[in-house]
2 protein chains.
Amino acid sequence: MPSKQLAFPQAQCADCPIRHRAVCARCETDELEKLEAIKYYRSYEAGQTIVWAGDSMDFVASVVRGVASLTQTMEDGRRQMVGLLLPSDFLGRPNRESAPYDVTATTDLQLCCFRRTPFLGLMDETPHIAHRLLEMTLDELDAAREWMLLLGRKTAREKIASFLSIIARRDATLSGYGGMGEVAFDLPLTREAMADYLGLTLETVSRQMSGLKKDGVIRLEGKRHIVIPDFDILLDETGDDSDGGILS
Amino acid sequence: MPSKQLAFPQAQCADCPIRHRAVCARCETDELEKLEAIKYYRSYEAGQTIVWAGDSMDFVASVVRGVASLTQTMEDGRRQMVGLLLPSDFLGRPNRESAPYDVTATTDLQLCCFRRTPFLGLMDETPHIAHRLLEMTLDELDAAREWMLLLGRKTAREKIASFLSIIARRDATLSGYGGMGEVAFDLPLTREAMADYLGLTLETVSRQMSGLKKDGVIRLEGKRHIVIPDFDILLDETGDDSDGGILS
DNA sequence: ATTCTCACTTGATCCACATCAATGTGAGAG
DNA sequence: CTCTCACATTGATGTGGATCAAGTGAGAAT
């Protein structure tokens, strides 16, 4: 079953705005009320910086709409994205005062924030929130480690293919994907942001996208809208172990 | 203060063998007894594989002596190390049955293991263990992200210098380091393992080590014993932001 | 319409690191 | 003391992606 990776947890923020992956699903009514009390929303425009590395950060948050990215920058300007947060992802450190990296809105973005100190208190009272957070952090660690394999060992083409499959898995209208068939979605990142994600230059990203297009692996409708005629063909380009079943 | 990164948490397993970073320091006597009940030791020889990716893993553990590594392997044999565990580091996932990557002993290794299911139960009863684990996982995530910057954007020479400074910070006899002065330690990895860590080939690792030696940044006494005459000079080679204070 | 701008594409050239191929070395076995 | 084997170094050559440098095209401002 090559589609194993498509079984991705979905956001849980339907009618109740705090029903995100992080805090909830199992929350009792009174816990929800406590969360409501320390909750507020913030919106950002594409390109805006939310916090700079080293700044103090007095909230944790859940992504409601849009995409945020975590990036590290070297003195001479070299940049590497180290985290990509999509809706339902969690942002922040309950027990750390300052942010370890820049947090930027890569698209228009809405966050559901919780004030940090009271949230920390709530975690103590409510073990399942801490457990959920641990689980999410471990998932993020797994993602970071797969990303490390990508950065350290994959070719430019494989990097692009892997990136597209990651975005497709989370972002696409995956209506009825069953191993074949078309998948379509909009890229939430510029070529430059993709380059920062993948450890490439934007020129290389562009060239490889053109290459995949020329070879019929993807279609480009406009600059940002991607159509993948056959997801399995794309997966073959990722270099990933395709005999499935390895992951938990 | 360029030596900020030297303030690394020390192992806490002096006389009590389960006083590792993971579980303890704040444990009450009865909790220690419960831990004792599910605890056992295992030893491995250098090169031995502890678990293969996908295997079930019925324990979590703390590294007592030696070095373990987590590696991901692609179908065609390309390998990337994604975790390096030194004494006091934690290994495993309390609430996951199977290992997501190969775990290998890179030196002779002793683990202090806890049976997974009872450990999970203990976590529920003892919130501070869960908190400690979350904190450690977040630290590991930070380390993974710094590693991503290394893999994606640093030159071979910077990668080597960063690696040496990471190992020195954790492994060296840092008696009285204060910004200058000699630091010495043994490399716990072969050139090949270093290459897997850094996303390079072993030849490039060897060449860059020779380069640093020729430039007087390090001395090589034998193949594995490293002497760093001036740690700050090494830090200048890492490409890291040197004006300090950014990190938490 | 016209120009400006911003994101992207495409081309030509270069170089850091990979690859392929010997050669060196030192610790343990006999 | 010297064989051997695993690990490490060093050299010669090739190449994928970076770098430098023009284009292109679509939408916004004038």
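First the proteins, then the strands, lettered A, B, ... as listed; each starts at 1.
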Look at the side chain of [X] and decide which nucleotide, out of [options], has an atom nearest to it.
| X | options | answer |
| --- | --- | --- |
| R207(B) | dC17(C), dA7(C), dT10(D) | dT10(D) |
| S210(A) | dT9(C), dC17(C), dC20(D) | dT9(C) |
| R191(A) | dT9(D), dT9(C), dC17(C) | dT9(C) |
| K223(B) | dT10(C), dT25(C), dT10(D) | dT25(C) |
| T204(B) | dA18(C), dA18(D), dC20(D) | dA18(C) |

Round to the nearest Å and state the distance from [X] atom [atom1] to [N] atom [atom2].
| X | N | atom1 | atom2 | answer |
| --- | --- | --- | --- | --- |
| R153(B) | dC17(C) | CZ | C1' | 16 Å |
| L212(B) | dT9(D) | CG | P | 12 Å |
| H225(A) | dA7(C) | NE2 | P | 21 Å |
| L220(A) | dA26(D) | CG | C1' | 15 Å |
| D76(B) | dT19(C) | CG | P | 10 Å |
| L151(B) | dC17(C) | CG | C1' | 15 Å |
| K213(B) | dA8(D) | NZ | C1' | 11 Å |
| L198(A) | dA18(D) | CG | C1' | 15 Å |

Requested in this report: Quick one: label G199(B) by what it contacts on the DNA or RNA (base, sugar-phosphate, nothing), any heavy atom closer than 4.0 Å.
Outcome: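 Counting heavy atoms under 4.0 Å across all strands, the contact made by G199(B) is with sugar-phosphate only.
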Counting only side-chain nitrogens and oxygens, does [X] get under 4.0 Å of the OP1 or OP2 atom of [N]?
| X | N | result |
| --- | --- | --- |
| T201(B) | dA18(C) | yes |
| R224(B) | dC7(D) | no |
| S206(A) | dC8(C) | no |

Query - NZ/NE/NH1/NH2 to OD/OE distance under 4.0 Å, R224(A) and D186(A) - result: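 Looking at D186(A) together with R224(A), the answer is no, because their closest N to O distance does not fall below 4.0 Å.
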Query raised in the report: Between D196(A) and R191(A), is there a salt bridge with N-O shorter than 4.0 Å?
Result: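 Here R191(A) does not pair with D196(A) in a salt bridge, since their nearest N and O are not under 4.0 Å apart.
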Query - Under 3.5 Å: donor-acceptor pair, side chain of D215(A), backbone of V217(A) - result: no
**Report entry** Donor-acceptor pair, side chain of S206(A) and main chain of L202(A), under 3.5 angstrom
**Finding:** no
Query raised in the report: Are W52(A) and Y101(A) an aromatic pair by the rule of ring centers under 6.0 Å?
Result: no
Query - Upstream residue (5' side of DNA chain D) when L202(B) and K154(A) are each assigned their closest nucleotide - result: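 Its nearest nucleotide lies further toward 5', so the answer is L202(B).
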Report task. State whether the distance check finds a donor on one side and an acceptor on the other, under 3.5 Å, for side chain E203(B) versus base dC20(C). Result -> yes
Query raised in the report: Pick the nucleotide of DNA chain C nearest each of M209(A) and A156(B); which residue has the one closer to the 5' end?
Result: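 Residue closer to the 5' terminus by nearest nucleotide: M209(A).
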Query raised in the report: Closer to the 5' end of DNA chain C via nearest nucleotide, is it R157(B) or G222(B)?
Result: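 The answer here is R157(B).
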Query - Aromatic ring pairing Y197(B)/W147(B), orientation class (parallel under 30°, perpendicular over 60°, tilted between) - result: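 Because their plane-to-plane angle is under 30°, the rings of Y197(B) and W147(B) count as parallel.
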